[in-house]
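Below, chains carry the letters A, B, ... as their sequence lines are ordered, and counting in each starts from 1.
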Amino acid sequence: MNVFRHFRDEVAAVLAALTETGDLPAGADIDRVTCEPPRDASHGDMATNAALALAGAAGAKPRDLAGKIAEGLRRLDSVAAVEVAGPGFINIRIADGFWQRRVADILATGPAYGDADIGRGEAVNVEFTSANPTGPLHVAHARGAVFGDALAALLEKAGYAVTREYYINDWGGQIDILAESLLKRMRQLRGEALPEEAFEGLYPGQDVIDAARAALDLPPDERPDPDSGGEEDRIRARDFAVAWMMDRIRDDLAALGVRHDVFSSERSLVEAGAVDTVFADLEARGLIYTGVLDPPKGKRPDDWEERPQSLFRATEFGDDVDRPLKKSNGDWTYFATDIAYHRDKWNRGAGLLIDVWGADHQGYIPRMKAAVEAIAQGGATLDVKVVQLVRLIRDGAVVKMSKRAGDVVTVREVVDEVGKDVVRFVMLTRRNDAPLDFDFARVTEQSKDNPVFYVQYAHARSHSVFRQARDILPDLDTGPASLVNADFSTLTNEGELSLIKKLTTWPRVIENAAETHEPHRIAFYLYDIAADFHAHWNRGRDEPDLRFIRPDEPSLTLARLALVKAVATVIASGLVLFGVAPAEEMR
RNA sequence: GGCCCCGUAGCUCAGCAGGAUAGAGCACAGGAUUCCUAAUCCUGGUGUCGCAGGUUCGAGUCCUGCCGGGGUCGCCA
């Protein structure tokens, strides 16, 4: 149960009754009526703006209308007190019994607690990672990978039908260079004396050398011949290199616990004529013309030459300038193939397209949105999530990385050092569009200053309580069926009740995070719950009466264990959403 | 020069799709910790929400302009 929806429905019912009595005009728009937790807990458990939102339509003063609504709400069993405050807010205090019953709710629902249906089964395509197959994944990719994976999981929990997709940029100049790099390294490995200058402009990484070594081991009928200079051998080299790199990338993704349902190849799209098709379509609709672009202002390239080219009328869909679709050599631009790709995703049924991009692609967003608008004609929405840079901090200093060979930190290295759970959680503790510092010392520290540890520890601690309970009260049945039937009316302590209240916001957190496409909200919520749980645990130090386990009061203990179980359930389901294994013990 | 993102406490950051007196952690200060369930705990202050207008019952949140930081700007992907 989403308690906020529940009480909004209750408010709506009261409003309907007031419409009957003529206090509200028929057909008043109640869309703006909300039911939310007040910022200040002293105002109560729930606040509604109904009177403020409807006073105008009712022709009444907000506070007068609020009084009438409050009267209706007071009749509800679940409501303990209602008061009108400020300009016309209605503060609702909910009966303890209502909160206590929520514990049973959570336990009965289990890991599915918090599942929402705002997606209504709508198909969503989340495209993320999509690193070029020219080298291994490095840390910059990890953030996008983890973010996309968590967003996808979040949308699934919120009721969307999600496809996780990786776009392989296996076509274009970069890939030709990769093929050339491979062939030349093969020659070098075979003993040919090639100076380092011979690799100028090629991919310098060790991984290309490894790939070249693997290529030399291929059976003769599959092995590209580095000396022939022929087209067939270049294609072999290219296809082998891409496949080899993608295998490594898949391994890296697996190490991170990230999975994709679909790997789409740019080359396949081009070779299947998808770009020609979309070009013809747009051209037929008058959205493509041949024109000359002005050079970028303030930064005129030296080699700028004006020339006519095929342009997409992006300006008709909100972009600043029209965008080229063909390079001077006649090849498609990246933008052209990307239009075809987005149309392909849309054609496969996704009405909502989400792309996760690195910060350096921000300027590309308006044109892609324009393109999606043009091809789907309102039938699809594109949301681009930009992930900002990650800075690695070691020994208090930023780890310098350059594109030079061997000077990038790979995903694999970081995962091997701190574990995938730490990497994943930390990557999600910041808004995606804010830069993130990843401090090796801090993220592995076993103290409350480390959010990863703090949240994991809360979960582990809840299991520890159960282990203790079995020791101290071996006769107490702490199985699921027993817990769900505990006498929850004994949970009257303020700390217990506020913990329950926090737990009941979980469905709302899911909905909000899913609607805004912001998984980091889950991380902050989990931290919050962990803090409340630790705080309540600590109260038991000074006041033994508040401890979860009361050896002489098995019934009370059972109810409290049920609450602990509910906390564990919610934390675990949040961690699982993040792809982080909930720890049952800290070592 | 155009466009995009960011600007909230000394620091790092939240701020729940416009709500009431703007929050958390760190740092800082004071106190507790023979007891106990596991990695200490409690208490406390701090803000021209970059600046200036606008929209409205109400703006950190939406709009416009400006300032500052970052990114990006045909033939890279």
Whole angstrom value for the distance that separates [atom2] of [N] from [atom1] of [X]:
X	N	atom1	atom2	answer
A:Asn49	B:rG58	CG	C1'	11 Å
A:Lys326	B:rA77	NZ	P	16 Å
A:Glu518	B:rC5	CD	P	13 Å
A:Asp322	B:rG2	CG	C1'	14 Å
A:Glu127	B:rA77	CD	C1'	12 Å
A:Met586	B:rU40	CE	P	11 Å
A:Asp437	B:rC13	CG	P	7 Å
A:Tyr525	B:rA14	OH	P	20 Å

Roughly how far apart, to the nearest Å, are [N] and [M] at atom [atom1]?
N	M	atom1	answer
B:rG53	B:rA24	C1'	33 Å
B:rU21	B:rA59	P	10 Å
B:rU56	B:rC63	P	16 Å
B:rG47	B:rC13	C1'	15 Å
B:rU46	B:rC41	C1'	23 Å
B:rG23	B:rA39	C1'	27 Å
B:rG54	B:rG15	P	28 Å
B:rG45	B:rC5	P	37 Å

Within the 4.0 Å heavy-atom criterion, would you say [X] contacts the bases, only the backbone, or no part of the nucleic acid?
X	answer
A:Arg467	base
A:Ser447	sugar-phosphate
A:Arg323	nothing
A:Leu52	base
A:Val465	base
A:Glu266	sugar-phosphate
A:Gln468	sugar-phosphate
A:His361	base
A:Asp170	nothing
A:Tyr334	base
A:Ala47	base
A:Arg541	base

Closest-nucleotide ordering on RNA chain B, the 5'-leading residue of A:Arg461 and A:Ala85
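Result: A:Ala85.
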For A:Arg508 and for A:Pro435, find the nucleotide of RNA chain B with the closest heavy atom, then tell me which residue's nucleotide is more 5'.
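Counting from the 5' end, the first nearest nucleotide belongs to A:Pro435.
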Write down the partner of [N] under the Watson-Crick or G-U wobble criteria, each distance required to be under 3.5 Å.
N	value
B:rG23	B:rC13
B:rG74	none
B:rG45	none
B:rA52	B:rU64

Which of the following nucleotides, [options], is nearest to the side chain of [X]?
X	options	value
A:Pro37	B:rU40, B:rA14, B:rC16	B:rC16
A:Gln446	B:rG74, B:rA39, B:rC5	B:rA39
A:Asp320	B:rC3, B:rC5, B:rC41	B:rC3
A:Gln362	B:rC4, B:rC13, B:rC16	B:rC4
A:Tyr364	B:rG19, B:rG25, B:rA77	B:rA77

Quick one: sort the [X] and [Y] rings into parallel, tilted or perpendicular, breaks at 30° and 60°.
X	Y	answer
A:Phe335	A:Tyr364	perpendicular
A:His138	A:His141	tilted
A:Phe533	A:Phe548	parallel

Check this one for me: any side-chain N or O of [X] less than 4.0 Å away from OP1 or OP2 of [N]?
X	N	answer
A:His536	B:rU37	no
A:Lys327	B:rA77	yes
A:Asn538	B:rC42	no
A:Arg431	B:rG15	yes

Is a donor-acceptor pair below 3.5 Å formed from side chain A:Asp449 to base B:rA39, judging by atom type as modelled?
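No, the side chain and the base share no sub-3.5 Å donor-acceptor pair.
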Would you please determine if the base of B:rA20 is stacked by A:Phe89, with stacking meaning a centroid separation under 5.5 angstrom and planes under 30 degrees?
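Yes, A:Phe89 stacks on the base of B:rA20.
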By the definition salt bridge (Lys or Arg N to Asp or Glu O under 4.0 Å), identify the one residue from A:Arg547, A:Arg560, A:Lys501 that meets it with A:Glu496.
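For A:Glu496, the salt bridge (Lys or Arg N to Asp or Glu O under 4.0 Å) check succeeds only for A:Arg560.
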Taking [X] first and then [Y], would you say they form a salt bridge - that is, a charged N and a carboxylate O separated by under 4.0 Å?
X	Y	value
A:Lys345	A:Glu127	yes
A:Arg550	A:Asp545	yes
A:Arg539	A:Glu543	no

Whether A:Arg508 engages the ring of A:Phe4 as a cation-pi pair (distance to the six-membered ring centre under 6.0 angstrom, angle to the ring normal within 45°) should be assessed.
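Flagged: A:Arg508 positioned over aromatic ring of A:Phe4.
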Between A:Lys326 and A:Phe279, is NZ or CZ placed under 6.0 angstrom from the six-membered ring centre and within 45° of the ring axis?
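Pair A:Lys326/A:Phe279 counts as cation-pi.
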